[in-house]
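We name chains A, B, ... by the order of the sequence lines, and we start the count at 1 in each one. Keep in mind that the numbers below use all heavy atoms, side chains included, and drop hydrogens, waters and symmetry copies.
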Protein chains: 2
Amino acid sequence: MTTARTRPATEARKREILSAALDCFDATGVEPATIQDIQRQAGCSVGSLYHHFGSKEGVAEALWLALIEEFNAYMLARLGKAESAEDAVRGVVQGYINWSVRHPKRMRYLHARDIEFSPEGRARKRELHGRYIAEVFALFARFVRDGQLAELPPYTYVPLISGPIEAYVRRWLTGDAPSPRGVETLFADAAWNAVKGASTSR
Amino acid sequence: MTTARTRPATEARKREILSAALDCFDATGVEPATIQDIQRQAGCSVGSLYHHFGSKEGVAEALWLALIEEFNAYMLARLGKAESAEDAVRGVVQGYINWSVRHPKRMRYLHARDIEFSPEGRARKRELHGRYIAEVFALFARFVRDGQLAELPPYTYVPLISGPIEAYVRRWLTGDAPSPRGVETLFADAAWNAVKGASTSR
DNA sequence: CAAAGTATTGGAATATCGTTCTAGAATCGT
DNA sequence: ACGATTCTAGAACGATATTCCAATACTTTG
């Protein structure tokens, strides 16, 4: 009765589909990209695609969740190494830029809001976000306690630190602003100034 | 040979369609909303809708451009009255919050990224953005000259000033953060600190 | 004021695309 | 090797964006 739930080839096939989907979505946007486009580029059949993901939105959703998970892991790895609050905050900005420059297609897709999440997808998204925030907050908590970071309403740290560089990078990704290389320090300064505590001379 | 290019009723009809479209798009998102939904709510025929906007994406695009124009005008009006750089910068943050709280549906749509711009639409978007930036920059220029504002790469002012509040408001609009009422000063401080010049004590 | 010309509207017909369905092939546990 | 199950394939279906052209309203001109 008990039987293997997935086959070795399955994961590979799923990855192929997601990779093809990223290319297609990036080229034209989620809505204009057709199932045929994806299916052909992935070298699989319609049935296979639907078997694994259920729907086109299912593909879009799975892709987004996979990418945000990858991105969060990257940022947390970077944050874990920080020795001071200032290191950590500047690391967020620098990490955001580095990942975006290294994977512009992926970041462009993460910025895209044109994904209609299913209830389950939405739940998973919220779960991932919550876990990420919790881990970030755990890392930052001690800096708040020792006064390196200001004590602010919880939901304001992320916008204050990442908001500016996020906005800038989005414009760069759509071709409306020059590369973020060169503005790292400026945005890191802004982030640090926004959340630094009283212990540093103001 | 010369003839009126539009009739008086035309503008009204277009506005009706755009208004109906905003309701439909806000309710379910751009993709799930059908032409029939819009056309029925606007009380017009399919032909009429296509005559004026060419496609569903054409409607979505025109709506977005109309709203961003309205928003930019509102911000510029507010900025024009500022007497000092600090007034201006804080005014941007406050204005952003006020407009969002007054027109959450419109702001939610401006934040939506699920609009596939046509080449012309993209060009117009870029043109509007460029003009807005230019006007903001013109207003800020004298403050830069007299040292109230720091001299920074042109494309960094907007992200530095509006980035954080933009990120926060987006989370609020999707139900992921509490109302922006109460965090005005925090975000205005951050904005001002990010761009203030050397003339103020640092 | 009449008539021609143009903008606008209506709605049926069409084409495209997401999704469903079912039969068969590949793979795994026993 | 055999049975069970996952996975693949592609034709058929249904929904919806778009096209098309005839009918109507307005506007200018003679």
Side-chain angles (χ1 to χ4, degrees), chain A residues 1-21 23-25 27-64 114-121, chain B residues 1-21 23-25 27-64 114-121:
Chain A
M1 200 58 72
T2 53
T3 175
R5 303 229 65 81
T6 60
R7 301 182 192 169
T10 298
E11 282 307 308
R13 169 54 54 96
K14 279 183 151 186
R15 267 197 303 277
E16 279 166 23
I17 293 177
L18 288 183
S19 165
D23 287 343
C24 294
F25 293 160
T28 66
V30 172
E31 209 217 306
T34 72
I35 288 285
Q36 252 192 28
D37 293 340
I38 301 170
Q39 166 239 349
R40 246 176 240 167
Q41 175 143 0
C44 75
S45 72
V46 181
S48 179
L49 201 152
Y50 274 83
H51 173 75
H52 288 300
F53 295 102
S55 71
K56 185 172 133 181
E57 284 300 328
V59 177
E61 187 174 300
L63 177 59
W64 197 90
D114 52 343
I115 306 154
E116 307 291 339
F117 281 86
S118 66
E120 307 84 56
Chain B
M1 200 55 75
T2 54
T3 176
R5 303 228 64 80
T6 60
R7 299 183 194 168
T10 298
E11 284 305 310
R13 169 53 55 97
K14 280 183 151 185
R15 266 196 304 277
E16 278 165 23
I17 294 177
L18 289 183
S19 165
D23 286 343
C24 294
F25 292 160
T28 66
V30 173
E31 209 217 307
T34 73
I35 288 286
Q36 253 192 26
D37 293 341
I38 301 171
Q39 164 240 348
R40 246 176 239 169
Q41 174 143 0
C44 74
S45 72
V46 181
S48 180
L49 201 151
Y50 272 85
H51 173 72
H52 289 300
F53 296 102
S55 70
K56 183 172 132 181
E57 284 300 325
V59 177
E61 186 175 299
L63 177 59
W64 197 90
D114 52 344
I115 307 154
E116 307 295 338
F117 280 86
S118 67
E120 308 84 56

J.: So B:K56 and B:L49, do their side chains get closer than 4.5 Å, heavy atoms only?
T.: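 B:L49 vs B:K56: side chains apart.
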J.: What is the distance, to the nearest angstrom, from the CZ atom on A:R40 to the P atom on D:dG10?
T.: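 Spelled out: CZ on A:R40 to P on D:dG10 is 12 Å.
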J.: Between D:dT8 and A:H51, is there an OP1 or OP2 to side-chain N/O distance shorter than 4.0 Å?
T.: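 A:H51 to D:dT8 OP1/OP2: no side-chain N or O under 4.0 Å.
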J.: Show your working on side chain to side chain contact (heavy atoms under 4.5 Å, CB included) between B:H52 and B:V59 and close with a plain yes or no.
T.: CA-CA 9 Å; B:H52 289 300; B:V59 177; over 6 Å; no
J.: Which side-chain N or O atoms in residues 32-40 of chain A pair as donor and acceptor under 3.5 Å with protein atoms at least two apart or in another chain?
T.:
residue, atom, partner, partner atom, Å
A:T34, OG1, A:Q36, N, 3.4
A:T34, OG1, A:D37, N, 3.0
A:T34, OG1, A:D37, OD1, 3.2
A:T34, OG1, A:D37, OD2, 3.2
A:Q36, OE1, A:R40, NH2, 2.7
A:D37, OD2, A:T34, N, 3.1
A:Q39, NE2, A:C44, O, 3.3

J.: For A:F53, is there any backbone N or O sitting under 3.5 Å from a side-chain donor or acceptor partner on A:K14?
T.: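 Looks like no, no N/O pair under 3.5 Å.
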J.: Between C:dC28 atom P and A:E11 atom CD, what is the distance in whole Å?
T.: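 The answer, rounded to whole Å, is 14 Å.
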J.: Return a single string for nucleotides 14-20 of chain D, one symbol per nucleotide in 5' to 3' order, where B is base contact, S is sugar-phosphate-only contact and - is none, cutoff 4.0 angstrom on heavy atoms.
T.: ---SBB-
J.: When rounded to the nearest 0.5 angstrom, what is the spacing between CD in B:E61 and CD in B:E116?
T.: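 Reported to 0.5 Å precision, the distance equals 10.5 Å.
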J.: Rounded to whole angstroms, how far apart are CG on A:L49 and P on C:dC17?
T.: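 Nearest whole value for this atom pair: 16 Å.
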J.: Just to confirm, is there a sub-4.0 Å distance from OP1 or OP2 of C:dT9 to any side-chain nitrogen or oxygen of B:R13?
T.: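 Affirmative; the distance criterion is met.
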J.: Looking at A:S48, does any N or O in its side chain come under 4.0 Å of the phosphate oxygens OP1/OP2 on D:dT8?
T.: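 Indeed, a polar side-chain atom of A:S48 lies that close.
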J.: D:dT8 phosphate, OP1 or OP2: any side-chain N/O from A:H52 under 4.0 angstrom?
T.: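 Answer is yes, contact under 4.0 Å.
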J.: Measure the CG-CG distance between A:L18 and A:D23 for me, rounded to the nearest 0.5 Å.
T.: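 The distance works out to 11.5 Å.
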J.: Is the shortest side-chain N/O distance from B:S45 to OP1 or OP2 of C:dG10 below 4.0 Å?
T.: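 B:S45 to C:dG10 OP1/OP2: side-chain N or O found under 4.0 Å.
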